[in-house]
Amino acid sequence: MTRPGRVLVTGGTGVLGRELVRRLQDRTEVRVLSRRPSQGPGFVQGDLETGEGLAAAVEDVDTIAHCASAADYRRPQRDVTQLRQLLDATGGARPHLVYVSIVGVDRVRFGFFQAKLDTERLVEDSGLPWTILRATEFHDLMLMFLTRLSKGPAAVVPRKSLFQPVDVGDVAERMAELVMGPAAGRVRELGGPKVESMADLMRAYLADAQRRRPVIKIPLWGRLGAGFGVGGHLLADGDRGTVTFADYLHARSDADGLLDHPYR
Ligand SMILES: NC(=O)c1ccc[n+]([C@@H]2O[C@H](COP(=O)([O-])OP(=O)(O)OC[C@H]3O[C@@H](n4cnc5c(N)ncnc54)[C@H](OP(=O)(O)O)[C@@H]3O)[C@@H](O)[C@H]2O)c1
C-alpha cells in the first residue's frame with residue numbers, strides 16, 4: 001500500500017467522515033475541514049460554500065477525501081458548487097481526489113441523486129487523479145428516516161420500497177483503503193449485506209426501540225417512486241458489507257434500550 005502523506009478529509013466531522021478520520025489517523029497525517037472553530041490539532045476551519053479557509057485546508061495535501069455534503073434536498077446543486085470551490089482552491093496542485101457517491105445516482109430520477117451524478121462528473125473532469133466509490137444508504141440514515149416516519153400514532157412507510165443499507169464502518173474501511181492507495185477511477189460499489197423492505201426495517205426498528213405502533217404502507221408517487229420502486233438504488237454488481245441493520249440496531253441501543261440516529 002502506498003503512503004499518501006498528508007490527507008485532507010472534508011466532512012471529517014460528519015457521520016462517515018468521523019469514522020474515516022478515526023481509521024486514517026494511525027496510518028497517515030490527517031487534516032479535517034469543518035465550518036466550526038478548530039476542534040483540536042489537525043482541524044482547519046473553512047467553508048465550501050464561501051470558499052473561506054479552503055486555500056489553507058488544501059495546502060500541501062497529497063490526497064483529499066471529499067465526504068462533505070450540504071445534504072440539502074431542496075437545493076441539491078449546492079454539492080456541485082461546493083466541489084467546484086474545493087477544486088478552485090487546489091490551484092496548480094494535483095492531489096488524489098477520493099469521492100463518495102451513492103449507488104443508483106444514474107438510475108433514480110431524483111434531484112439529489114442528479115446532483116451527486118453531476119458532482120461525480122466534475123470529479124472525473126477535474127484533471128486530478130481521482131477515485132469514486134458509490135455506497136448504498138447508511139444504516140444511520142435509515143434510522144433517521146424510520147424515527148421521523150414513526151413520530152405519529154402509526155408508522156408510515158412507502159409501499160414496495162426496498163433498501164440495502166450499509167454500515168458506515170464498512171464504508172469508512174473501504175474509503176480508508178482507497179485513500180491510502182493510488183487513484184483507481186470508478187471502483188466496485190459497496191452495499192449492505194441484505195436487501196430489506198422499508199416495512200421490515202421499520203418493524204425491526206420499532207421492536208428494538210420498544211415502541212408499539214401499527215405499520216401503514218402508502219404508495220410512493222412520481223419519479224422517486226418509479227426509481228426506488230424498481231430498485232434503482234440497490235447494488236447491481238458490487239461488494240457487500242458485513243453488518244446488517246439488525247446488528248447495527250443492537251449495537252446502537254444503549255443500556256436502557258434507547259436508540260437515536262446521529263444526524264441533526
Ligand atoms: N448518508 C448516506 O446514507 C450516504 C450514502 C451514500 C453516500 N453518502 C455520501 O457520503 C458523504 C457523507 O455523508 P454523511 O451522511 O456522512 O454526511 P453528514 O453526516 O451529513 O456530514 C456532512 C459533513 O459535511 C460538512 N459540511 C457541510 N457543509 C459544509 C460546508 N459548507 N463547508 C465545509 N464542510 C461542510 C459538515 O461539516 P461541519 O458541519 O463540521 O462544517 C459535515 O462534516 C456525502 O457525500 C453523502 O452524499 C451518504
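In this text, all values refer to a predicted model and were calculated from it rather than measured experimentally. Both ligands and their constituent atoms are indexed starting at 1 by order of listing. Numbers here are sequence positions counted from 1.
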Can you run down the ring pair (Phe, Tyr, Trp, His ring centres under 6.0 Å) pairs that involve residues 144-186, sequence neighbours left out, and say none if there aren't any?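 Residue pairs with at least one partner in residues 144-186: Phe163-Phe228, Phe163-His233.
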Show every ring pair (Phe, Tyr, Trp, His ring centres under 6.0 Å) that has at least one partner inside residues 5-64, sequence neighbours left out.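 Listed by first then second residue: nothing to list.
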Without swapping roles, check the side chain of Ser150 against the backbone of Leu146 for a donor-acceptor pair under 3.5 Å.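 Yes: the side chain of Ser150 pairs with the backbone of Leu146.
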What residues sit with at least one heavy atom under 4.0 Å from ligand 1?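 Within the 4.0 Å shell of ligand 1, which is judged on heavy atoms, sit Gly11, Thr13, Gly14, Val15, Leu16, Ser34, Arg35, Arg36, Gly46, Asp47, Leu48, Glu49, Cys67, Ala68, Ser69, Gln82, Val100, Ser101, Ile102, Lys116, Ala135, Thr136, Glu137, Phe138, Leu141, Tyr263.
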Name every donor-acceptor pair, under 3.5 Å, that has one atom in a side chain of residues 52-68 and the other anywhere in the protein, sequence neighbours excluded.
{"from": "Asp62", "atom 1": "OD2", "to": "Arg6", "atom 2": "N", "distance (Å)": "2.8"}
{"from": "His66", "atom 1": "ND1", "to": "Thr10", "atom 2": "OG1", "distance (Å)": "2.7"}

Is it the case that the side chains of Glu120 and Ser101 hold a donor-acceptor pair, with the cut-off being a distance below 3.5 Å and no angle test?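 Yes.
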Between Glu19 and Arg174, does any NZ, NE, NH1 or NH2 come within less than 4.0 Å of an OD or OE carboxylate oxygen?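 Result for this pair is no, no salt bridge flagged.
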